[in-house]
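Reviewing the structure listed below.
Everything numeric in this text was worked out from a predicted model, so none of it was measured. Numbering of ligands and ligand atoms starts at 1, following listing order. Atoms considered below: every heavy atom in the structure, side chains included; atoms not considered: hydrogens, waters and symmetry mates.
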Amino acid sequence: MSLITTLDHTIKELIQQTLEEAKQTNQSVIVSHIKEVDAIDPLHFLASSEELFLGERFLWSTPERDFTLAGVGNELILENNHSTIERFSAIEKEWKRFKKRIINTNSKDKQDGTGPLLFGGFSFDPIKEKDPLWEAFSEAKFTLPTVMVTIINSKTYLTVNKLVTPHDNLLDCLKHFEQTYSQTTHHHLIDCEKVNEFSTIEYKTSQWLKAVDKATNEIRLKEMDKVVLAREVHLKFAEKVNPYQVLNRLHKEQPTSFIFGFENGLQHFVGATPERLIKKQDNEVLSTCLAGSIKRGKTQEQDIQLGEQLLKDAKNLIEHDIVVKMIKEALTNCCYEVISPKSPTLLKTKNIQHLYTPVKGYVQKGHSLLSIVENLHPTPALGGFPKEKAIEKIRELEPMHRGWYAAPIGWLDAEDNGEFVVAIRSGLIEGHNVALFAGCGIVAESNPKSEYLETKIKLKPMMSALGGVDNE
Ligand SMILES: C=C(O[C@@H]1C=C(C(=O)O)C=C[C@H]1O)C(=O)O
Ligand SMILES: [Mg+2]
């Protein structure tokens, strides 16, 4: 085959070696090849992969855009529907099995975020009765992409993975790499200027307001300290929504947030969240306490004044402190050192300002990234306090099903490095329909009307990315 001659010698040897190992052990082996390439636009790459990899694409980008992952193809899927915390450990166990059988090229100077890694997420509450909107989403689902673009600062890397089974043959494996490399060079452009028309259907608003009222009373009666209640808004568009256009706009309009997109069949779960749950690099972990909110000002002066007001506001400080306390406690259980500033500062995104406290820790041996995700989820920024009581209240009072909203989403590699955020400021796109989600931390001093206005601000990033008008 003349085609195969363009592949370099080392890949051929590597594939040969992988195939032999798969046959000898009678088990599948992951082979992964990384190379540095010329700049690729991640969104064009994703949009261009529609024909080959429809339903199997993801995007991840960190604030300031210094780290981006764009993956296509489900080379391997790890998923489960456990209704207990086992949904975290089951992914870890399965990944451990595969991790033992990875053959990696150029592993010496491998950068974090290149090579074989899993991208995916979890549901918020596996016990809540399923809703048709989220039916296709498992309680935990991760994929090893067939092809992935990694952009670190201004360098671009391409990873091609293949799950080699004992029944594969050399020529097919070689073709996989050859074809993949030739396909990733053709890209379409995305039209981002288009304005979309939609009608908004407010969803069970009065029920949500009543739930806030009820929760506030229960908190005043000391049944719990805090509970986060979310609501859902449905939008119907005249035309099919292009998820990559939406992601492109989020990417540009929300530079201080993480951008994520997870395509699951015909549905796309996308968002721009400012809230990191946990990042782990070797034994160093970083988490973010983000709770307490106020709008941005129309002028710089007003903006500063609103920020000052938030920093002193008793109700918001209570919301925030509950989160700091819990995250520090959870990290103290797995770290030998936990460091955080004494008082919060402000984190400003395009549409909102939050109270912000970063927490850093050094993990003791034996604690994995997913075990920390399991212990943190949900933090009182998304659930409440005490944790179990709050989850039960959400299940009882919230007039919606959260699905993957407010739950951990992110990536992890074979060395147990990775990062998870909480999937807020998000929406689920399917054809002409989009469901958006936003919630608020309810404490004793909460007032349903102002919490409602807070959810409206939190819906803005997605509304704007969808082409809707900023009407306030
Ligand atoms: C629940 C959401 O946001 C959370 C709630 C906040 C609050 O109530 O002040 C602030 C940040 C987030 O932790 C959401 O955006 O949907
Ligand atoms: Mg709040």
Quick check on [X]: does its [atom1] atom have over 12 non-hydrogen neighbours (other residues, nucleotides or ligands) under 6.0 Å away?
| X | atom1 | answer |
| --- | --- | --- |
| K458 | NZ | yes |
| I85 | CD1 | no |
| L54 | CG | yes |

Exercise for the section: Can you check the number of protein N/O/S atoms within less than 2.8 Å of the Mg ion (ligand 2)? Expected result: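 N, O or S atoms of the protein closer than 2.8 Å: 2.
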Handout entry: Check: F262 ring centroid to F58 ring centroid under 6.0 Å
Key =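 No, they do not, as the ring centres are separated by 6.0 Å or more.
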Handout entry: Aromatic ring proximity F124/W134, centre distance under 6.0 Å
Key =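 F124 vs W134: aromatic centres not under 6.0 Å.
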Exercise for the section: Tell me, with the steps shown, if N433 and K236 meet side-chain hydrogen bond (donor to acceptor under 3.5 Å, both in side chains). Expected result: CA-CA 5 Å; N433 299 301; K236 191 156 188 68; 3.1 Å; yes
Handout entry: Separation between CD of E445 and OG1 of T216, rounded to the nearest 0.5 Å
Key =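 Answer rounded to 0.5 Å: 9.5 Å.
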Exercise for the section: Report the residue from K130, K128, R87 that forms a salt bridge (Lys or Arg N to Asp or Glu O under 4.0 Å) with E139. Expected result: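 That would be K130; it is the only one of K130, K128, R87 passing the salt bridge (Lys or Arg N to Asp or Glu O under 4.0 Å) with E139.
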Which atom pairs, nitrogen or oxygen on both sides, join ligand 1 and the protein at under 3.5 angstrom?
{"residue": "ligand 1", "atom": "3 (O)", "partner": "R425", "partner atom": "NH2", "Å": "3.2"}
{"residue": "ligand 1", "atom": "8 (O)", "partner": "E319", "partner atom": "OE1", "Å": "3.0"}
{"residue": "ligand 1", "atom": "8 (O)", "partner": "G441", "partner atom": "N", "Å": "2.8"}
{"residue": "ligand 1", "atom": "8 (O)", "partner": "E454", "partner atom": "OE2", "Å": "3.0"}
{"residue": "ligand 1", "atom": "8 (O)", "partner": "K458", "partner atom": "NZ", "Å": "3.0"}
{"residue": "ligand 1", "atom": "9 (O)", "partner": "G292", "partner atom": "N", "Å": "2.9"}
{"residue": "ligand 1", "atom": "9 (O)", "partner": "S293", "partner atom": "OG", "Å": "2.5"}
{"residue": "ligand 1", "atom": "9 (O)", "partner": "E319", "partner atom": "OE1", "Å": "3.1"}
{"residue": "ligand 1", "atom": "9 (O)", "partner": "E454", "partner atom": "OE2", "Å": "3.1"}
{"residue": "ligand 1", "atom": "13 (O)", "partner": "E275", "partner atom": "OE1", "Å": "2.6"}
{"residue": "ligand 1", "atom": "13 (O)", "partner": "L290", "partner atom": "O", "Å": "2.8"}
{"residue": "ligand 1", "atom": "15 (O)", "partner": "R425", "partner atom": "NE", "Å": "2.6"}
{"residue": "ligand 1", "atom": "15 (O)", "partner": "R425", "partner atom": "NH2", "Å": "2.9"}
{"residue": "ligand 1", "atom": "16 (O)", "partner": "Y405", "partner atom": "OH", "Å": "2.5"}
{"residue": "ligand 1", "atom": "16 (O)", "partner": "G439", "partner atom": "N", "Å": "2.8"}

Problem - Step-by-step side-chain hydrogen bond (donor to acceptor under 3.5 Å, both in side chains) determination, T143 to E56 - result: CA-CA 9 Å; T143 77; E56 304 181 355; over 6 Å; no
